[in-house]
Amino acid sequence: MSLPLPARRLLTAQEAAQYLGLKSPNTLKAHVRIAPVKIGDSVRYDVRDLDRWVDARTQSRPITADDWLGKLDEDQGEGRQALS
């Protein structure tokens, strides 16, 4: 019994464009500002970078600990202003 291969993390420009639902690699290169990974003559896009790029542009992105800390800082700043 063999185990399934893991999904690839590094994608070609064509695969990255398809992953994001874009028409072509040209659209990817023109609009998605992610530095590709260069391995020899190969250029690949990290799936994690692609996911972060999408998350940063959607309202449905996950809330991180940094988001919560930033919100607390904002709330404390408003409280300080009200006291002065």
Side-chain angles (χ1 to χ4, degrees):
M1 179 178 188
S2 62
L3 296 174
L5 293 173
R8 291 189 350 223
R9 181 169 164 192
L10 297 177
L11 305 176
T12 65
Q14 179 68 41
E15 292 166 335
Q18 289 174 342
Y19 180 76
L20 294 177
L22 303 174
K23 289 184 178 185
S24 72
N26 292 334
T27 305
L28 172 81
K29 293 172 187 175
H31 298 285
V32 179
R33 299 293 176 216
I34 296 174
V37 177
K38 294 184 181 184
I39 304 170
D41 292 337
S42 298
V43 175
R44 298 291 184 266
Y45 290 84
D46 190 327
V47 170
R48 292 180 187 174
D49 290 338
L50 296 171
D51 288 341
R52 277 191 290 271
W53 182 84
V54 170
D55 288 343
R57 278 144 188 85
T58 63
Q59 293 179 353
S60 61
R61 72 178 181 87
I63 297 175
T64 66
D66 288 338
D67 292 334
W68 284 111
L69 291 173
K71 179 67 176 151
L72 288 172
D73 287 342
E74 288 173 14
D75 292 344
Q76 288 178 351
E78 290 172 9
R80 279 190 288 248
Q81 291 171 353
L83 293 175
S84 20

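Just the heavy atoms: all of them, side chains too, but no hydrogens, waters or symmetry mates, feed the values below.
- Clustering ILVMFWY residues whenever any of their side-chain heavy atoms sit less than 4.5 angstrom apart, transitively, puts L10 in a cluster other than the one holding V47.
- Salt bridge status for R52 with D55: absent, with no side-chain N to carboxylate O gap under 4.0 Å.
- Atom OG1 of T12 is separated from atom CZ of R44 by 6.0 Å, given to the nearest 0.5 angstrom.
- Every residue two or more places apart in sequence or in another chain was checked for a salt bridge (charged side-chain N to carboxylate O under 4.0 Å, His left out) with D51, and none qualifies.
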Pair up each side-chain donor or acceptor in residues 30-42 with any protein partner under 3.5 Å, not counting sequence neighbours, and list the distances.
residue	atom	partner	partner atom	Å
R33	NH1	K29	O	3.3
R33	NH2	A30	O	3.1

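- For P25 against A13, the heavy-atom pair with the smallest separation is CB-CB, 3.9 Å.
- Note: the hydrophobic cluster containing Y19 also contains W53 (ILVMFWY, side chain heavy atoms under 4.5 Å, direct or indirect links).
- The list of salt bridge (charged side-chain N to carboxylate O under 4.0 Å, His left out) pairs with a residue in residues 12-27, not counting sequence neighbours, reads R8-E15.
- Once rounded to the nearest 0.5 Å, the distance linking CG of L20 with CG of L28 reads 6.5 Å.
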